[in-house]
J.: 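Submitted below is the structure of interest, expressed as structure tokens.
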Amino acid sequence: MKKLLPLLLTISLLSVNASAYGPRGHQLVGAIADRRLARNRAVARKVRRLLNGLTLERVATLPDEIKSWNDCGSRPPSPDPVINKVRINNELRAFLEANKCSMKPAHDEFHYTDVPVTGGEDYEDGDIGRGEFDIVKMIPFCLRVLRGEEPADNERKITKSVAVILLTHYLGDIHQPLHVGAEYFDADGNAFHPSTSNHGFGDQGGNKLTLFLVDADGSSRAVGKLHSFWDSQTVNTAFGDESNGSVANRLSRQMPGQWRLNGDAETWALQLADDAMPLAREARTRLEYGSIVIVPDEHEIKSGEAREKRPADRSYANWSARVVRREIHKGGWRLAALLEQALR
């Protein structure tokens, strides 16, 4: 899950799938969790102390806002603080310095994983698209920081306060299906199941594909990158003009279906990734690809089209909004439950 200036800088700096839902989606996940935690005063007090009085709704966008400090984009890094809390700002600075976008690992890699949607894989079924510091690894790492199971001065410079901020954001990210599953194409531009002998070319969570939707009259129109559509337009379609406060009040009181996860929270990121894969697949099977341009020397897709198939039941826009509405709802409840496990 940004305030306006950092958001504009972020868009110009990054082309990979390192931000999900945009500000509103992330804020809603945090706002729902804020209201759920209000029922657990002991944990709520611990969260407030760690965040220096800030809400989860406010900090939910900070991991995207700090990208304005990146030193590897077309614009110089911003010298401005992202939040008017000196300690929080300093700890976020230290985190970014330890995980610069020009380094390995880079902090923008922590927001996603790219499990192939073709081939029926779950997260643990292969290695392609997964990473040592992807979102499925970073969520339990942050959890261990909160539990005191990682050194306070760990190599990633994730303090307990930063861990809460990152978890708030990553729980939004992992509930955006295109942050978990990616399409891969062969050298001829055909979608396929990559293998260890042929990794193919990933679509970076849909960032390389332009989405075309079908209008009521049957005509087709471009609406931007597939990933950006899922980040922002789906959220706006899902919640319309209703205020974030109203949405969060309502959804924090309504238990979402099938939101509970099994076992210790250490295992939840893996469960969440596997839960997202059927949605990531359907997000692609409802589309057909064309004009895929491969740049072999750079080992990436330059551009491509993802066109909505004639809808059999509901339009792509309405289907995706329904998915996002459900996933943000579950994300807020799960974030609160995760923090309750970590800080009890």
Side-chain angles (χ1 to χ4, degrees), residues 1-7 10 19 21-69 78-98 107 110 138-139 141-148 150 152-154 156-173 243-253 265 328 331-344:
M1 9 215 158
K2 308 170 188 162
K3 297 297 181 185
L4 287 179
L5 179 56
L7 173 61
T10 296
S19 62
Y21 280 140
R24 191 180 187 195
H26 280 295
Q27 290 162 357
L28 283 171
V29 170
I32 293 167
D34 280 328
R35 287 154 176 79
R36 294 297 305 161
L37 287 180
R39 297 163 168 79
N40 188 330
R41 293 182 180 179
V43 172
R45 281 195 297 269
K46 292 178 182 178
V47 170
R48 281 197 300 272
R49 284 198 298 270
L50 287 171
L51 296 182
N52 206 4
L54 297 169
T55 63
L56 296 174
E57 179 179 8
R58 173 61 192 94
V59 305
T61 58
L62 290 178
D64 282 337
E65 292 178 50
I66 65 172
K67 293 170 190 173
S68 66
W69 296 337
S78 169
D80 298 328
V82 294
I83 193 73
N84 191 26
K85 298 285 185 180
V86 174
R87 179 179 64 81
I88 298 294
N89 204 72
N90 289 344
E91 291 182 19
L92 286 170
R93 278 276 187 190
F95 165 70
L96 183 133
E97 288 297 314
H107 67 95
F110 302 167
M138 291 307 297
I139 288 174
F141 184 91
C142 292
L143 177 69
R144 293 194 298 274
V145 170
L146 285 179
R147 287 174 163 175
E150 293 285 346
D153 188 25
N154 57 75
R156 305 273 65 82
K157 300 300 180 186
I158 296 177
T159 64
K160 288 188 176 184
S161 296
V162 171
V164 173
I165 292 168
L166 294 178
L167 285 171
T168 303
H169 188 87
Y170 295 162
L171 262 287
D173 283 342
S243 70
N244 285 1
S246 174
V247 172
N249 287 338
R250 175 168 53 82
L251 295 186
S252 66
R253 293 192 297 265
I328 285 175
W333 278 61
R334 287 166 170 170
L335 172 60
L338 186 148
L339 291 174
E340 287 178 326
Q341 277 216 20
L343 296 171
R344 62 189 175 188

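Only heavy atoms go into these numbers, but all of them, side chains included; no hydrogens, no water, no symmetry mates.
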J.: Could you pull out all donor-acceptor pairs under 3.5 Å where a side-chain atom in residues 43-55 meets a protein atom, sequence neighbours excluded?
T.:
residue, atom, partner, partner atom, Å
Lys46, NZ, Leu343, O, 2.6
Thr55, OG1, Arg58, N, 3.0

J.: Which atom pair, heavy atoms only, marks the closest approach of Ser161 to Ile88?
T.: CB-CD1, 4.0 Å
J.: Applying side-chain hydrogen bond (donor to acceptor under 3.5 Å, both in side chains), name anything that partners Asn244, two or more places apart in sequence or on another chain.
T.: Arg24, Gln27
J.: Flag the pair Ile165 / Phe95 as yes when at least one side-chain heavy-atom distance between them is below 4.5 Å, and no otherwise.
T.: no
J.: Suppose we screen for side chain to side chain contact (heavy atoms under 4.5 Å, CB included). Which residues come up paired with Ala248, at least two apart in sequence or across chains?
T.: Ala31, Ile32, Arg35
J.: For Asp153, what residues pass the side-chain hydrogen bond (donor to acceptor under 3.5 Å, both in side chains) criterion, not counting sequence neighbours?
T.: Lys157
J.: If you look at every heavy atom in Val164 and Leu146, which pair is closest and at what distance?
T.: CG2-CD2, 3.7 Å
J.: Taking all non-hydrogen atoms of both residues into account, name the closest pair between Val29 and Gly172 and its distance.
T.: CG2-CA, 4.2 Å
J.: Can you tell me how far CZ of Phe141 sits from CG of Leu166, rounded to the nearest 0.5 angstrom?
T.: 10.0 Å
J.: Please round to the nearest 0.5 Å and tell me the distance separating atom SG of Cys142 and atom CG of Leu171.
T.: 10.0 Å
J.: Partners of Thr159 by side-chain hydrogen bond (donor to acceptor under 3.5 Å, both in side chains), sequence neighbours excluded?
T.: Glu91
J.: Using only atom types and a distance under 3.5 Å, with no angle test, would you say the side chain of His169 pairs donor to acceptor with the backbone of Thr61?
T.: no
J.: So which atom in Arg93 and which in Pro79 form the shortest heavy-atom distance, rounded to 0.1 Å?
T.: NH2-O, 3.3 Å
J.: Considering non-hydrogen atoms only, spot the tightest contact between Ser68 and Val82 and give its length.
T.: OG-CG1, 4.3 Å
J.: Would you give the length of the straight line joining atom OG of Ser78 to atom CD of Glu65, rounded to the nearest 0.5 angstrom?
T.: 11.0 Å
J.: Measure from the side-chain N and O atoms of Asn89 to the backbone N and O of Lys85, and report whether any donor-acceptor pair falls under 3.5 Å.
T.: no
J.: To the nearest 0.5 Å, tell me how far Met138 CE sits from Arg156 CZ.
T.: 7.0 Å
J.: Return the minimal non-hydrogen interatomic distance between Trp69 and Asp80, and the atom names on each side.
T.: NE1-O, 2.8 Å
J.: Would you check if the side chain of Asp34 reaches a backbone N or O of Glu57 as a donor-acceptor pair within less than 3.5 Å?
T.: yes
J.: What donor-acceptor contacts under 3.5 angstrom involve side-chain atoms of residues 331-342, with partners at least two apart or in another chain?
T.:
residue, atom, partner, partner atom, Å
Trp333, NE1, Leu251, O, 2.9
Arg334, NE, Trp259, O, 2.7
Arg334, NH1, His175, NE2, 2.9
Arg334, NH2, Gln258, O, 3.1
Arg334, NH2, Trp259, O, 3.3
Glu340, OE2, Asn40, ND2, 3.3
Gln341, OE1, Arg147, NH2, 3.2
Gln341, OE1, Ala265, N, 3.1

